[in-house]
A.B. asks: 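Encoded as structure tokens, here's the structure I'll be asking about.
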Amino acid sequence: MLPNFLSNPIMRRRLDTFVRNRRGFWSLWIFLLLLAVTVCAEGLANDKPLLVRYNGVWYVPVLQSYPETEFGGEFSTEADYRDPFVQELIVKKGGWLFWPPIPFSYDTVNYDLPSPAPAPPSPDNWLGTDDQGRDVTARLIYGFRISVLFGLVLTVLSSIIGVAAGAVQGYFGGATDLLFQRFIEIWSGMPQLYLLIILSNVIVPSFWWLLLIMLLFGWMALVGVVRAEFLRGRNLEYVRAARALGMSHGRIMFRHILPNAMVATLTFLPFILAGSVTTLTALDFLGFGLPPGNPSLGEMLAQGKDNLHAPWLGITAFVVIGLQLSLLVFIGEGVRDALDPRHTA
């Protein structure tokens with residue numbers, strides 16, 4: 001049996017329309033594949049081995065820290081598995097190390113570069129290194145994950161707040177709608193970039209601080225769309241009938257009007273996600289984003305600007321950001337056409 005949402009002929013038509021939009025359909029699968037790969041970044045790019053076999057005992061350094069004394073060393077601090085001395089200790093006991101495909105984390109400095117940093121691509125560093133000797137491929141994987149997760153969290157939270165605010169405005173109208181609209185006009189005129197610059201000098205920017213600051217201004221993206229749908233839907237016959245039967249305002253809003261309003265809302269979500277990713281990238285490029293040292297696509301662009309003699313830095317960041325945003329835009333176009341009743345499969 002098909003799930004309930006697939007048994008609906010309207011939903012089946014929308015899914016068929018989206019699948020027949022090859023550009024949007026394959027963009028969705030490619031984006032999900034890239035997201036799944038980068039979510040497992042620790043298993044792909046890490047300066048710790050995935051498995052260690054020593055003296056007949058199994059160790060998982062990528063999940064748990066082990067002191068060097070555990071392998072016959074002299075220090076009680078965490079073992080540096082890239083150190084030839086530690087590797088020799090493990091091999092002497094008949095052990096071995098199983099490394100990830102990229103034996104570098106986003107903050108690992110390669111001290112064995114064949115040329116001064118930034119070093120060009122090589123068998124050890126597939127996309128070269130930055131000006132601090134860190135592997136570009138590893139930072140690319142971790143940076144892609146941070147940008148997408150940041151955009152997803154910001155999109156979900158801002159959509160929840162925006163949909164709720166637009167629903168209240170459109171359903172009740174009158175003075176409620178008027179006051180909300182004046183507040184949004186004033187709040188949207190606040191200089192977001194200037195506030196970020198001022199706050200970055202007061203507090204240490206972090207993932208959650210940036211998310212909170214951008215959420216304060218990003219929730220307004222969907223208010224206008226949801227408000228218009230609720231203004232139209234509150235006067236429909238079935239809504240009036242539900243109100244006459246004594247149904248509560250909350251139940252009418254979120255059971256009878258919101259499903260119709262979500263059709264237009266879902267169309268904007270991929271574009272809002274793309275805008276969130278672009279904003280974070282721009283802030284990191286200007287130096288007002290994540291703290292220094294964190295993997296970031298914007299920071300890679302800034303390094304490409306500062307090191308024009310190392311074109312692999314700018315080209316790599318540009319290609320990845322362009323691919324990322326193109327996939328999101330194509331997905332958004334596919335969703336838009338699927339939800340448009342004028343398009344048929």
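Just so we're clear, the structure is a prediction, and the values are computed from it rather than from any experiment. Positions are given from 1, in the same order as the sequence printed here.
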A.B. asks: Is the shortest heavy-atom distance from the side chain of R82 to the side chain of T108 under 4.5 Å?
C.D. replies: yes
A.B. asks: When Ile, Leu, Val, Met, Phe, Trp and Tyr are grouped by side-chain heavy atoms lying under 4.5 Å apart, directly or through other members, which residues fall in the same group as V329?
C.D. replies: F271
A.B. asks: Check this for me: W29, atom CH2, are more than 12 non-hydrogen atoms of other residues, nucleotides or ligands nearer than 6.0 Å?
C.D. replies: no
A.B. asks: Using the test side-chain contact (heavy atoms from CB on, under 4.5 Å), find all partners of N307 that sit at least two apart in sequence or belong to another chain.
C.D. replies: P118, D131, Q303, H309, A310, L313
A.B. asks: Would you indicate whether Y81, at its atom OH, is surrounded by more than 12 heavy atoms from other residues, nucleotides or ligands within a distance under 6.0 Å?
C.D. replies: yes
A.B. asks: A45 and I141: which non-hydrogen atoms are nearest, and at how many Å?
C.D. replies: CB-CD1, 4.5 Å
A.B. asks: Could you state the interatomic distance from NZ (K48) to CG (L97), rounded to the nearest 0.5 Å?
C.D. replies: 13.5 Å
A.B. asks: Using side-chain heavy atoms (C-beta onward) and a distance below 4.5 Å, is L63 in contact with E42?
C.D. replies: no
A.B. asks: Side chains of N110 and N125: donor-acceptor distance under 3.5 Å anywhere?
C.D. replies: yes
A.B. asks: In Å and rounded to the nearest 0.5 Å, what is the CG to CG distance from L210 to D284?
C.D. replies: 7.5 Å
A.B. asks: Counting heavy atoms not belonging to R255, are there more than 12 under 6.0 Å from its CZ?
C.D. replies: no
A.B. asks: Counting N and O atoms only, with roles assigned by atom type, does the side chain of R251 sit under 3.5 Å from a partner on the main chain of A242, one being a donor and the other an acceptor?
C.D. replies: no
A.B. asks: Find out whether W58 and V60 are in side-chain contact, i.e. whether some heavy atom of one side chain is under 4.5 Å from a heavy atom of the other.
C.D. replies: no
A.B. asks: Taking all heavy atoms of P101 and all of G43, pick out the closest pair and write down the distance.
C.D. replies: CD-O, 3.8 Å
A.B. asks: Mind checking what makes side-chain contact (heavy atoms from CB on, under 4.5 Å) contact with L28, not counting sequence neighbours?
C.D. replies: F18, L32, I331
A.B. asks: So, using ring-ring contact (aromatic ring centres under 6.0 Å, His included) as the criterion, who are the partners of F217 when residues are at least two apart?
C.D. replies: W187
A.B. asks: Just how far is it from atom CD1 of I184 to atom CD of Q169, taken to the nearest 0.5 Å?
C.D. replies: 4.5 Å
A.B. asks: Please answer: with hydrophobic residues joined when any side-chain heavy atoms are less than 4.5 Å apart, are I161 and I213 in the same cluster?
C.D. replies: yes
A.B. asks: I'd like to know if the side chain of R145 and the backbone of V39 have a donor-acceptor N/O pair within less than 3.5 Å.
C.D. replies: yes
A.B. asks: With sequence neighbours left out, write down each residue that passes ring-ring contact (aromatic ring centres under 6.0 Å, His included) with F150, or none if nothing qualifies.
C.D. replies: F207
A.B. asks: Return the minimal non-hydrogen interatomic distance between T17 and A338, and the atom names on each side.
C.D. replies: CG2-CA, 3.9 Å
A.B. asks: Tell me every residue that passes ring-ring contact (aromatic ring centres under 6.0 Å, His included) with W209, counting only those two or more places apart in sequence or in another chain.
C.D. replies: none
A.B. asks: Work out which heavy atom in I90 is nearest to a heavy atom in Y54; give both atom names and the distance.
C.D. replies: CA-CD1, 3.7 Å
A.B. asks: With sequence neighbours excluded, what pairs up with Q87 under the side-chain hydrogen bond (donor to acceptor under 3.5 Å, both in side chains) test?
C.D. replies: none
A.B. asks: Roughly how far apart are L157 CG and M214 CE, rounded to 0.5 Å?
C.D. replies: 12.0 Å
A.B. asks: Under a 3.5 Å distance rule, please check whether T69 uses its side chain to pair with a backbone N or O of S76 as donor and acceptor.
C.D. replies: no
A.B. asks: Once you round to the nearest 0.5 Å, how far does CZ of F31 lie from CD of Q324?
C.D. replies: 6.5 Å
A.B. asks: Less than 4.5 Å apart, any side-chain heavy atom of I315 and any of W312?
C.D. replies: no
A.B. asks: Between R139 and N294, is there a donor-acceptor pair closer than 3.5 Å when you use the side chain of the first and the backbone of the second?
C.D. replies: yes
A.B. asks: Please report the C-alpha distance between V109 and R134 in whole Å, then the side-chain angles of each, then the deciding distance to 0.1 Å, and finally whether the side chain to side chain contact (heavy atoms under 4.5 Å, CB included) criterion is met.
C.D. replies: CA-CA 5 Å; V109 178; R134 299 171 298 189; 4.2 Å; yes
A.B. asks: Heavy atoms only: give me the nearest L127-P121 pair and the separation to one decimal.
C.D. replies: C-CG, 3.9 Å
A.B. asks: Any chance you could measure T316, atom OG1, to I321, atom CD1, to the nearest 0.5 Å?
C.D. replies: 10.5 Å
A.B. asks: Is L33 reachable from F144 through a run of I, L, V, M, F, W or Y residues, each pair having side-chain heavy atoms under 4.5 Å apart?
C.D. replies: no
A.B. asks: Would you name the heavy atoms of W219 and A165 that are closest together and state the gap between them?
C.D. replies: CZ3-CB, 4.0 Å
A.B. asks: Who are the side-chain contact (heavy atoms from CB on, under 4.5 Å) partners of T155, not counting sequence neighbours?
C.D. replies: S159, L269, I272, L273, S276
A.B. asks: Answer yes if L44 and L35 sit in the same cluster of Ile, Leu, Val, Met, Phe, Trp and Tyr residues linked by side chain heavy atoms under 4.5 Å apart, and no otherwise.
C.D. replies: no
A.B. asks: Throw together a table of side-chain donor-acceptor distances under 3.5 angstrom for residues 221-239, partners on residues two or more places apart or in other chains.
C.D. replies:
residue : atom : partner : partner atom : Å
R227    : NE   : D177    : OD1          : 2.7
R227    : NE   : D177    : OD2          : 3.3
R227    : NH2  : D177    : OD2          : 2.9
E229    : OE1  : R232    : NH2          : 2.8
R234    : NH1  : Y171    : O            : 3.2
R234    : NH1  : F172    : O            : 3.4
Y238    : OH   : H256    : O            : 3.1
Y238    : OH   : N260    : ND2          : 2.9

A.B. asks: Within a radius of less than 6.0 Å around CZ of F183, do more than 12 heavy atoms belonging to other residues, nucleotides or ligands occur?
C.D. replies: yes
A.B. asks: Which residues pass the side-chain hydrogen bond (donor to acceptor under 3.5 Å, both in side chains) test with E70, sequence neighbours left out?
C.D. replies: Y59
A.B. asks: Quick one: salt bridge (Lys or Arg N to Asp or Glu O under 4.0 Å) partners of E333, sequence neighbours excluded?
C.D. replies: R23
A.B. asks: Going by side-chain heavy atoms closer than 4.5 Å, which hydrophobic residues are tied to Y142, directly or by a chain of links?
C.D. replies: Y106
